[in-house]
S.K.: 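For reference, the structure I am asking about is given below.
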Amino acid sequence: MAAVMPAPAQSRLLMSGNEAVARAVWESGVKVAAAYPGTPATEMLEVISTYPDLYSEWSVNEKTSLEVAFGAAMAGSRAFCAMKHVGLNVASDALMTLTLTGVAGGLVIAVADDVGLSSSQNEQDSRFWGRFAHVPVLEPADSQEAYEYTKLAYALSERFQTVVILRMTTRICHVKALVTVGERVAHVGAGFQKDPARWVMVPGAAQKRIPLMFQREAELRAEAEVSALNFVEAGSDRRVGFVTSGPAYMHVKEAFPEAPVLKLGLSYPAPFEKIRAFAATVDNCVVVEEVEPLLETELKAQGIRLAGKDLLPRSGELSPPVLKPAVGRLLGEAVAEPEQKPARAVAPLPVFPRPPTMCVACPHLGVYYTLSQLRNITISGDIGCYTLGFGHPWNALDACISMGASMGMALGLDKGRGESDKDKKIVAVIGDSTFLHMGMQGLLDIVYNKGNVTVLLLDNRAVGMTGGQDNPGNGRDIHGEEAPRVDFAKLVKALGVKDERVHVVNPYELPTLFKTLRDETKIPEPSVIITNQPCVLIQDYHKLKPFTVIDDKCTGCGNCLDTGCPAIHVTKRDSVVKPSGKTVDLAFVRIESSVCTGCGLCVQPCAPDAIVHADKVIQIKALQRH
Amino acid sequence: MSDNITNILVVGVGGQGVMTATEILAEAAIALGHDVKKTEVAGMAQRGGVVSSHLRFGPKVLSPQIAPGSADILLAFEAAEGMRWRHMMRPDALALINTGNLAPPVVELGLFEYPADPVGEMRKSGARVFAFDASAIANGLGDIRLGNTVMLGAIADHLPFSAEALERCVLQRFARKGEKVIEMNRQAFAAGRAAAAEAQRTQDVREAVSA
Ligand code: SF4
Ligand code: SF4
């Protein structure tokens, strides 16, 4: 990342798609850039924030980031915002109206689709938003194109006075490839021109803009027919030709180097005539697209004969080994396994799963440990590191759908109780950044409608999952500079939670946490428990002296393992028969002192005091020697 | 190496420095004039989960992903992770494996078992494997974080370019960290290189005996 920023023009740099977009944004003379962090889009703004001479921010959510960028574009400046696919759902409210107003300065939304779901709650195809909002969609295939298309997107945006969607996927965002970069060209905004008929979308005004939007769409389709972004590569083997876009193009080229290809860089609005003419030149035409059969459906509606998702998978990433046999089948070839050679393809060897887990000493460990010790509760969760509380050893999360939804869901669980859960305590868990993103309204709803919900607001002063980005909860901005910091206790009180129902608790103090949770879940009123320790990956976290286990004292109860700290390892398993006749499994442990941060969490459930500071043991040993 | 493209798959556990190692390999390939693509999955998986980083280089690279059965070298920072990605290897591929084990919480909790002999299992499946304890070497040199450089040293003699070219890139990374850090990495690189050579020697002996 660091190498990207100052490199002079004509440098060839190894850049991820995200870095390439960032560089192009800067070169395009963009004035305002905003985003809420989200994998795989996060690095775009992270890199942009390192460039001088433009304003960048972490917004509280994607809708806000689009609104900020739009404001700048309204003022005639070039503006940018980035988000992951689910972020565009959040921002869609703004999008659906600013497709009517259009823009003055160029406005590009880079949307990163998590094809293959590496870290998202769903897999969706953001190209639909282009159709829905009638705005053009550009689809780069690699870092170089991500860079070039971003610059072209600004030209297109200004020429047609529309927002442009730059559709990225994981395999562009996080693929590093060589990019030749250029120079920054200054762009001077014209300033805001008052024009209520355009910028004030009351029904009467909006209605007049709708025909203009469709006219623009028609002009864009004509542009797509002639655009150099949509090009044919003639091939020598005309048995099958491909219509493709984005990284799928690379897979097609690698799998079928001899086949004719029509690559769509400006894929919406699609150039129907160009595609029709192309399809006529090949025996079979196949649309290769990730994820949905979007183009395919449109083209079939145009009466163009072609194949697509009847051959190819409807979800997940495409790749040459996926394409080869599928298309081979279409051609009636005996389908060979991906690698021909004497390759007896090796079946995967069975190995235990290694799901992601919370970090060593994560402040959420104590919270989930405590939740797992409580009975009779239903836990409504949210998006972020604490979602990992659904896994072992805690198993302490019952639901999670989207950012900020935990509290609304909790209220629903409360109001919609059935006979079997009439006495259940309802807990909602949400993080600081998530709370500010979309959570506040949910809490307000709980308060307003007198819900019986205990909210755990886990303030770790970072957007943890995406790598510890700053937000209004930690008092730093995107450049790491000081910024006003939200006081969560005051904030939730302002939303109407009673003073005595708001508690700030150190999540490493298990007895206090346990007592507060037990007490508050008993009281049938909205209450909020705020935990106040930083994520271990950010600068606010300070390591303490590491702990170790005294082998002779460890009874093998395994209580410390229930905290889920990955620094604790089992050295030996055993089982004993209790006087009651019950067999109890034992697990003797050691602590990896090189990674233990000394948070002291595992010390608390250890009854025989077998966990002590590592230096004490060294001292004891030293004494014994004398 | 197929179509003049070299496919290296680097795997391990979130936090082990898999991505940095791949990045350095990529830099070396670029320095020697190759076209390069490198990819991995980030985000949630990084929290102690499975990490795999694909590096492809050659005259011209199209698809960024290494297809199953087509990795030329598997560089595994953790033994069981080597097993997990075994199916990505070409029949004649080489696996370089750090035998230092990292058991995840689900194993510590007794829900799953860590394989007794991951390297043995890989050999049984027909893979050519050079294995050694890179974590121990790194610890011995004074910092577990040197494991990265040890593994790069191990791969150095198996690339389509010289070990010295890779070493230059490794040391460049630490150029600003002072002479002491550079020296430690120089040693780690050499130790990894020697360990791989030793592993190759014993493996060759084993193969000669069993033949
Ligand atoms: S990144 Fe921070 S919040 Fe996330 S699991 Fe690690 S310590 Fe916890
Ligand atoms: S004190 Fe215990 S819980 Fe805390 S980091 Fe060390 S091993 Fe983990």
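Here is the naming used below: chain letters follow the sequence lines, and residue numbers restart at 1 for every chain.
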S.K.: Determine the interplanar angle of the A/H364 and A/Y386 rings, folded into 0 to 90°, and report it as parallel if under 30°, tilted if 30 to 60°, perpendicular if over 60°.
M.R.: perpendicular
S.K.: So what's closer than 4.5 Å to chain B heavy atoms on A/L117: side chain, backbone, both or neither?
M.R.: neither
S.K.: Whether B/R90 and B/D72 form a salt bridge (side-chain N of Lys/Arg under 4.0 Å from carboxylate O of Asp/Glu) is what I want to check.
M.R.: yes
S.K.: Which one of A/P566, A/C173, A/P355 has the most heavy-atom pairs closer than 4.5 Å to chain B?
M.R.: A/P355
S.K.: Side chain, backbone, both or neither: which part of B/M88 has a heavy atom under 4.5 Å from chain A?
M.R.: neither
S.K.: Answer with side chain, backbone, both or neither: which region of A/P348 has an atom nearer than 4.5 Å to a non-hydrogen atom of chain B?
M.R.: both
S.K.: Need one label for A/P320: side chain, backbone, both or neither, based on atoms under 4.5 Å from any heavy atom in chain B.
M.R.: side chain
S.K.: Examine whether an atom of B/I144 lies under 4.5 Å from a heavy atom of chain A, and if so say whether it belongs to the side chain, the backbone or both; otherwise answer neither.
M.R.: neither
S.K.: State whether A/E233 and A/K253 are salt-bridged, where the test is any N-O pair (Lys NZ or Arg NE/NH1/NH2 against Asp/Glu carboxylate O) under 4.0 Å.
M.R.: yes
S.K.: Less than 3.5 Å apart, any donor N or O on the side chain of B/H54 or B/T39 sitting next to an acceptor on the other?
M.R.: no
S.K.: Establish, from distance only, whether the side-chain atoms of A/H174 and A/E43 form a donor-acceptor pair under 3.5 Å.
M.R.: yes
S.K.: Only pairs of heavy atoms separated by less than 4.5 Å count here; which of B/M89, B/E113, B/R84, B/E27 has the most with chain A?
M.R.: B/R84
S.K.: Can you tell me which portion of B/L109 sits under 4.5 Å from chain A's heavy atoms? Options are side chain, backbone, both or neither.
M.R.: both
S.K.: Does any backbone or side-chain atom of B/V107 lie under 4.5 Å from a heavy atom of chain A? Answer side chain, backbone, both or neither.
M.R.: both
S.K.: Taking every non-hydrogen pair under 4.5 Å, which of B/M83, B/E108, B/H87, B/E121 racks up the most with chain A?
M.R.: B/E108
S.K.: Salt-bridged, B/E81 to A/R354, with N to O below 4.0 Å?
M.R.: yes
S.K.: Counting only heavy atoms closer than 4.5 Å, note whether A/D114 contacts chain B via side chain, backbone, both or neither.
M.R.: neither
S.K.: Of B/L171, B/N148, B/L152, B/L146, which meets side chain to side chain contact (heavy atoms under 4.5 Å, CB included) against B/F189?
M.R.: B/L152
S.K.: Please classify the contact between A/E317 and chain B as side chain, backbone, both or neither, with a heavy-atom cut-off of under 4.5 Å.
M.R.: side chain
S.K.: Taking the basic N atoms (NZ, or NE/NH1/NH2) and the acidic carboxylate oxygens, is any pair closer than 4.0 Å for B/D204 and B/R128?
M.R.: yes
